[in-house]
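Worksheet: the structure to be examined is printed underneath.
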Amino acid sequence: MVTGAGGMLARDVVGEMERRGHQVLALPRERLDVTDEAAVREYVEGARPAVVVQCAAYTGVDRAEEEEAAATCVNSLGTRNLAQACDRTGALLVYPSTDYVFSGESRTPYAPGDPPSPVNAYGRSKLAGERAALDTGRALVVRTSWLYGAGGANFVHTVARLAREKGALDVVADQVGRPTWAGSLALIVSELIEAGAEGIFHAT
């Protein structure tokens with residue numbers, strides 16, 4: 001089962017899992033609002049999926065500074081609802097997360113066991129989601145960075161569009177990231193699921 005179907009990562013996860021021969025139930029928000037605890041419980045207990053991939057997410061990093069409650073509602077509360085439902089049915093919960101759970105001050109790549117220290121609202125909301133997933137039953141957290149892909153708003157598409165429109169760009173020069181193609185992340189997530197992985201992984 002994949003929540004947030006229609007979103008950039010969810011579309012690629014659904015496609016990759018179907019290519020591998022898995023039966024996939026793709027649920028857009030109109031069919032399942034993950035912040036509705038009763039609806040989540042009813043849906044998961046009725047469908048009895050072996051795996052739930054939580055792609056429903058609030059992803060507006062800058063906007064989250066003014067809308068932290070909304071970001072936390074989807075990224076943390078919604079994930080907790082799914083985690084509890086998965087725990088009751090024995091399903092694995094897969095939670096795609098972000099490098100924003102870290103401060104970004106390390107001079108070396110972060111390892112999965114490094115202590116998180118988010119410095120913005122988006123990072124705090126995703127870390128709360130990670131904890132909700134990991135504290136309840138079986139969970140696989142896959143952190144990534146600067147996700148881009150077909151059909152979704154992202155940094156790569158924004159820079160390409162602005163370059164076409166303006167010719168010269170003013171952008172921040174104090175951030176280092178590794179843009180990650182959503183199709184590549186979907187492949188890694190699928191391989192981790194099939195390998196029976198649980199815990200925290202980094203994938204870029």
Side-chain angles (χ1 to χ4, degrees), residues 1-29 31-32 34 40 43-59 74-75 78-101 109-113 126-127 129-157 177-204:
M1 187 171 107
V2 178
T3 63
M8 181 172 59
L9 179 59
R11 279 194 305 268
D12 284 345
V13 169
V14 168
E16 182 62 34
M17 293 301 285
E18 287 179 339
R19 276 191 293 279
R20 291 167 175 263
H22 298 286
Q23 182 180 358
V24 181
L25 176 61
L27 297 171
R29 182 177 180 182
R31 288 185 61 195
L32 181 63
V34 296
V40 168
Y43 216 111
V44 173
E45 291 182 355
R48 310 291 295 191
V51 178
V52 175
V53 184
Q54 160 57 329
C55 289
Y58 183 109
T59 58
V74 177
N75 295 340
T79 303
R80 188 193 71 192
N81 292 340
L82 284 165
Q84 291 173 346
C86 287
D87 188 42
R88 283 190 290 270
T89 61
L92 172 70
L93 176 62
V94 181
Y95 183 68
S97 191
T98 173
D99 58 340
Y100 278 102
V101 300
Y110 286 101
K126 291 298 284 185
L127 179 59
E130 287 187 7
R131 290 177 172 158
L134 292 165
D135 288 347
T136 310
R138 301 169 53 222
L140 169 62
V141 172
V142 184
R143 295 174 178 148
T144 193
S145 65
W146 294 22
L147 196 64
Y148 71 101
N154 57 76
F155 179 77
V156 173
H157 289 165
R178 181 171 300 236
T180 304
W181 176 246
S184 297
L185 183 60
L187 174 68
I188 294 168
V189 166
S190 300
E191 289 178 346
L192 287 169
I193 291 170
E194 290 183 343
E198 296 182 26
I200 302 173
F201 290 78
H202 290 178
T204 59

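Computed from a prediction, not measured in an experiment: that's the story for all the values here.
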Side-chain donor-acceptor pairs under 3.5 Å in residues 192-204, sequence neighbours left out?
{"from": "Glu194", "atom 1": "OE1", "to": "Arg20", "atom 2": "NH1", "distance (Å)": "2.6"}
{"from": "Glu194", "atom 1": "OE2", "to": "His22", "atom 2": "NE2", "distance (Å)": "2.7"}
{"from": "Glu198", "atom 1": "OE2", "to": "Arg138", "atom 2": "NE", "distance (Å)": "3.0"}
{"from": "His202", "atom 1": "ND1", "to": "Tyr110", "atom 2": "O", "distance (Å)": "3.1"}
{"from": "His202", "atom 1": "NE2", "to": "Arg143", "atom 2": "NH1", "distance (Å)": "3.1"}

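Listed by first and then second residue, the salt bridge (Lys or Arg N to Asp or Glu O under 4.0 Å) pairs involving residues 50-59 amount to none (not counting sequence neighbours).
The two residues Gly149 and Met8 come nearest to each other via the heavy atoms N-SD, 3.1 Å. Summarising the geometry of Ala133 relative to Ala83, their closest heavy-atom pair is CA-CB, 4.2 Å, with the distance given to 0.1 Å.
The closest side-chain heavy-atom distance from Leu185 to Leu147 is below 4.5 Å. A heavy-atom distance below 4.5 Å is found between the side chains of Thr79 and Leu93. Here the side chains of Val2 and Cys55 are in contact, with some heavy-atom distance below 4.5 Å. For the pair Met1/Leu32, a side-chain contact is recorded, criterion being any heavy-atom separation below 4.5 Å from C-beta on. Between Tyr43 and Leu82, the closest side-chain pair of non-hydrogen atoms is not below 4.5 Å. Taking 4.5 Å as the limit, some side-chain heavy atom of Val44 sits within range of a side-chain heavy atom of Pro49. Residues Val141 and Leu134 are in side-chain contact: their nearest non-hydrogen atoms beyond the backbone lie under 4.5 Å apart. When side chains are defined from C-beta on, Pro96 counts as touching Leu9, because their heavy atoms get closer than 4.5 Å.
A cation-pi arrangement is absent between Lys126 and Tyr58, since the terminal nitrogen or guanidinium carbon is not both under 6.0 Å from the aromatic centre and inside a 45° cone about the axis.
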Using the rule given for side-chain contact (heavy atoms from CB on, under 4.5 Å), can you reason through Tyr95 versus Asn75, listing the C-alpha separation, both sets of side-chain angles and the distance that settles it, and then say yes or no?
CA-CA 10 Å; Tyr95 183 68; Asn75 295 340; 3.9 Å; yes

Can you check side-chain contact (heavy atoms from CB on, under 4.5 Å) on Val189 and Val94, steps first, answer last?
CA-CA 8 Å; Val189 166; Val94 181; 4.0 Å; yes

Checking Ser190 against Glu16 for the side chain to side chain donor-acceptor pair (under 3.5 Å) test, could you report, in this order, the C-alpha distance in whole Å, the side-chain angles of both residues, the deciding distance, and whether it holds?
CA-CA 7 Å; Ser190 300; Glu16 182 62 34; 4.9 Å; no

In sequence, state the C-alpha distance, the side-chain angles, and the governing distance for Asp12 and Val14, and then conclude on side-chain contact (heavy atoms from CB on, under 4.5 Å).
CA-CA 5 Å; Asp12 284 345; Val14 168; over 6 Å; no

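A donor-acceptor contact shorter than 3.5 Å is absent between the side chain of Glu45 and the backbone of Ala47. Between the Arg80 side chain and the Arg131 main chain, no donor and acceptor come within less than 3.5 Å of each other.
Partners of Ser184 according to the side-chain contact (heavy atoms from CB on, under 4.5 Å) rule, which considers only residues two or more places apart in sequence or in another chain, are Trp181.
Taking CD of Glu130 as the start and CG of Asp135 as the end, the distance is 11.0 Å to the nearest 0.5 Å.
The environment of CZ in Arg88 is crowded: more than 12 heavy-atom neighbours from other residues, nucleotides or ligands sit within 6.0 Å.
In this model, no donor atom of one side chain and acceptor atom of the other lie less than 3.5 Å apart for Thr136 and Gln84.
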